[in-house]
*Asks:* 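For reference, the structure I am asking about is given below.
Below, chain A is the first sequence line, B the second, and so on; all start at residue 1.
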There are 2 protein chains.
Amino acid sequence: MPKRSPPKQSGKPARQAVQARSLATVEAILEAAARILAEAGWAALNTNIIAKRAGVSIGSVYEYFPDKRAIVDEILNRHLARGEALFRESANDLNSGPQPVDIVRVLVSGFVTLHRDDPHLHQVLSSEVALTLEQKMRVAALRANTIKRVALALADHSDNPHITATLLVDTADALSHRWLVDAAGTPASEKIMTNELQKMLYAYLTCEP
Amino acid sequence: MPKRSPPKQSGKPARQAVQARSLATVEAILEAAARILAEAGWAALNTNIIAKRAGVSIGSVYEYFPDKRAIVDEILNRHLARGEALFRESANDLNSGPQPVDIVRVLVSGFVTLHRDDPHLHQVLSSEVALTLEQKMRVAALRANTIKRVALALADHSDNPHITATLLVDTADALSHRWLVDAAGTPASEKIMTNELQKMLYAYLTCEP
DNA sequence: TCTTTATCTGAGCTTTTGCTCGACAATCGG
DNA sequence: CCGATTGTCGAGCAAAAGCTCAGATAAAGA
C-alpha cells in the first residue's frame with residue numbers, strides 16, 4: 001500500500017505550498033536560480049547548485065517543481081506578468097486623446113521601466129534561454145496588443161496607424177533593451193540615449209517628407 | 001613508444017585538414033551542426049547527433065575540433081567574419097560626402113543583407129547560445145567601428161554625430177534583426193517595414209524640432 | 001499529549017553526453 | 001609498389017547532472 005497520500009506516486013505531481021515556511025522555500029529556490037542565472041548564465045545552472053544556494057536540499061526542490069525547466073519557467077512567467085501589468089497601466093495613460101509627445105513619452109518610459117528591472121538576469125533570459133512555444137506566443141500577444149493600443153492612439157496622427165505603431169513599439173523596445181539590458185554594466189548615458197530615442201520617434205511621427 | 005606522430009598525445013591538439021576528403025569532413029560537420037541548431041535549437045545539439053547527421057563517425061569529429069564548443073565557435077566566427085567583411089564593403093559607399101538619404105539607405109540595406117542570411121540559424125545563435133567574452137568583444141568592436149564610420153559621414157548633418165550615429169546603427173540593426181530573424185517564418189511585409197524604417201531614420205536625421 | 005499531515009533531507013540511482021583510444025582504410029611520396 | 005602519412009571508425013569509458021525515495025523533523029489538529 002502507498003505510504004504517503006498527497007506527495008507523488010510516480011514522479012509527477014508537484015506539491016502545493018500551504019505553510020509559510022514552504023512558501024519561503026519556493027521563493028528561496030526561485031531567487032537562487034535567478035541569481036545563478038544572472039551571475040553565471042544558463043550553462044552554470046544545475047539543480048544541485050540551486051538547492052545549495054537556496055539553502056535547501058535537492059529533495060525539497062523536487063517537492064515544488066516537477067523538473068529543472070519548471071523553475072526557469074516560473075521566473076520567466078513572473079517577468080511576462082510584469083510586462084502585461086505594465087501594459088495595462090500604461091494603456092490608461094493613452095486614453096484622453098494624447099499628442100505625439102505624450103505617446104512617445106509613455107512608450108519609452110514604459111519599456112525603460114520594464115528593462116531596468118534586473119538587467120543581468122534578463123540579459124541571460126533573452127540571450128541564452130530558449131522559450132517554449134507557449135511563451136513565445138505570450139510575448140507575441142503582448143507585442144500585438146501594445147501595437148494595437150498605440151495604433152488606436154495614433155488614429156489622428158498617422159495615415160497608417162498600425163505600421164507606424166509597429167515601428168514605434170519595436171524601436172522603443174529594442175533600443176531600451178540594448179542600452180539597459182545588453183549593455184548592463186556600461187551605464188554610459190542612459191538618460192541621453194533614451195532622450196535621443198524619444199527625439200527620433202517624435203521626428204518620425206511629426207515630420208513630413 | 002608512441003604509435004602516431006601528429007594526431008594527439010593526450011587529448012589536446014586538433015588535426016589540421018590537408019587532403020580534400022578531410023576538408024569535406026570538416027564542412028560536413030559544420031553544416032550538420034548548423035542545421036541541427038537551426039531546426040532544433042541548442043538543447044538538441046550533441047556531438048553524437050552531429051556526427052550521425054554529418055555522415056561521419058564521432059571519432060572524426062574530435063580529429064578536427066577539440067570539443068563541442070569549438071564547432072559552434074567556428075560557425076559563430078564565420079558569421080562574424082561576414083559581418084566584418086560587409087562593414088568594409090559598405091564603408092566604401094560612404095566615402096564621397098553622402099547625403100542623409102544615402103547614409104540611411106546604405107545602413108539599412110547592409111543590415112538587411114546581413115540578417116537575411118540563414119535567419120533560423122542566427123535566431124538560435126543570438127537567443128540561445130552564450131557568447132564567449134572574446135566573441136562579445138568582437139561584436140562590440142564591430143558595432144563601435146560601424147558607429148564611428150557613420151558618425152564620420154554625418155559630420156555635416158548632425159551637431160553630435162556620435163550620438164546620432166549610435167541611434168541610426170542600433171535601430172537599423174535591431175529592427176532588421178527583429179523582422180528578418182526573430183520573425184523568421186512570418187515573411188509579413190519585409191519590404192514595407194524596411195522602407196518605413198528608412199523613413200524613420202531619415203526623419204530623425206533631417207527634421208528640426 | 002498523541003496522531004496526522006506537511007515539509008525537509010541527502011545518499012545514490014539513472015540517464016545523458018562529451019570524449020578517448022586502438023584498430024583499420026585511404027592516399028601520397030618516392 | 002610499398003612504406004609513411006593522413007584520415008576514418010565506433011564501442012565504450014567517465015563525468016555530469018537530473019531526479020528518486022525512504023526515512024527524519026516540524027507544525028497542526030484533536
*Asks:* Under 4.0 Å: is that the gap between some side-chain N or O of Ser22(B) and OP1 or OP2 of dT8(D)?
*Replies:* no
*Asks:* Rounding to a whole Å, what distance do you find between Gln16(A):CD and dC8(C):P?
*Replies:* 13 Å
*Asks:* Phosphate oxygens OP1/OP2 of dC8(C): is one of them under 4.0 Å from a side-chain N or O of Tyr64(A)?
*Replies:* yes
*Asks:* For Arg78(A), is there an ion pair with Asp117(A) - N to carboxylate O distance below 4.0 angstrom?
*Replies:* no
*Asks:* Rounding to a whole Å, what distance do you find between Arg21(B):CZ and dT27(C):C1'?
*Replies:* 6 Å
*Asks:* Are Glu39(B) and Arg53(B) ion-paired here, with the side-chain N under 4.0 Å from a carboxylate O?
*Replies:* yes
*Asks:* May I have all residue pairs that pass ring pair (Phe, Tyr, Trp, His ring centres under 6.0 Å) and include part of residues 70-93 of chain A, sequence neighbours excluded?
*Replies:* His79(A)-His122(A)
*Asks:* Are Glu134(A) and Arg138(A) close enough for a salt bridge, meaning some N to O gap below 4.0 Å?
*Replies:* no
*Asks:* To the nearest angstrom, how far is Ile49(B) atom CD1 from dT16(C) atom C1'?
*Replies:* 12 Å
*Asks:* Which part of the nucleic acid, if any, lies within contact of Ile50(B), taking any heavy atom under 4.0 Å across all strands shown: a base, the sugar-phosphate backbone alone, or nothing?
*Replies:* nothing
*Asks:* Give a yes or no on whether a salt bridge exists between Arg178(A) and Asp173(B), defined as a side-chain N under 4.0 angstrom from a carboxylate O.
*Replies:* yes
*Asks:* Distances under 3.5 Å between protein N/O atoms and the N/O atoms of nucleotides 10-13 of chain C, please, pair by pair.
*Replies:*
from	atom 1	to	atom 2	distance (Å)
dG10(C)	N7	Ser57(A)	OG	3.3
dG10(C)	N7	Gly59(A)	N	3.4
dG10(C)	O6	Gly59(A)	N	3.4

*Asks:* Evaluate salt bridge (Lys or Arg N to Asp or Glu O under 4.0 Å) for Glu84(B) paired with Arg88(B), printing each intermediate quantity in order.
*Replies:* CA-CA 6 Å; Glu84(B) 286 157 356; Arg88(B) 285 189 294 271; 5.3 Å; no
*Asks:* When the nearest nucleotide of DNA chain C is assigned to Ala20(A) and to Ala43(B) on a heavy-atom basis, which residue is associated with the more 5' position?
*Replies:* Ala20(A)
*Asks:* Look at the side-chain N and O atoms of Thr25(A) and state whether any lies under 4.0 Å from the OP1 or OP2 oxygen of dC8(C).
*Replies:* yes
*Asks:* Within this structure, what is the CD-to-C1' distance between Glu63(A) and dC19(D), rounded to whole angstrom?
*Replies:* 12 Å
*Asks:* Can you check the Lys52(A) NZ to dA16(D) P distance for me, whole Å?
*Replies:* 14 Å
*Asks:* Side chain of Asn46(B) only, please: which of dG18(C), dT8(D), dC8(C) is the nearest?
*Replies:* dG18(C)
*Asks:* What nucleotide, of dG7(D), dA27(D), dC19(C), holds the atom closest to the side chain of Gln19(B)?
*Replies:* dG7(D)
*Asks:* From the options dC19(D), dC19(C), dA28(D), select the nucleotide whose nearest atom is closest to the side chain of Lys68(B).
*Replies:* dC19(C)
*Asks:* Rounded to the Å, how far apart are Ile29(B) CD1 and dC19(C) C1'?
*Replies:* 14 Å
*Asks:* Please report, rounded to the nearest Å, how far the C1' atom of dT7(C) is from the CZ atom of Phe65(A).
*Replies:* 15 Å
*Asks:* Take atom CG in Leu23(A); do more than 12 heavy atoms of anything else shown fall under 6.0 Å from it?
*Replies:* yes
*Asks:* Roughly how many Å is it from CD1 in Ile71(B) to P in dT17(C), rounded to a whole number?
*Replies:* 15 Å
*Asks:* Hey, does the side chain of Tyr62(A) come within less than 4.0 Å of dC19(D)'s phosphate (OP1/OP2), counting only N and O?
*Replies:* yes
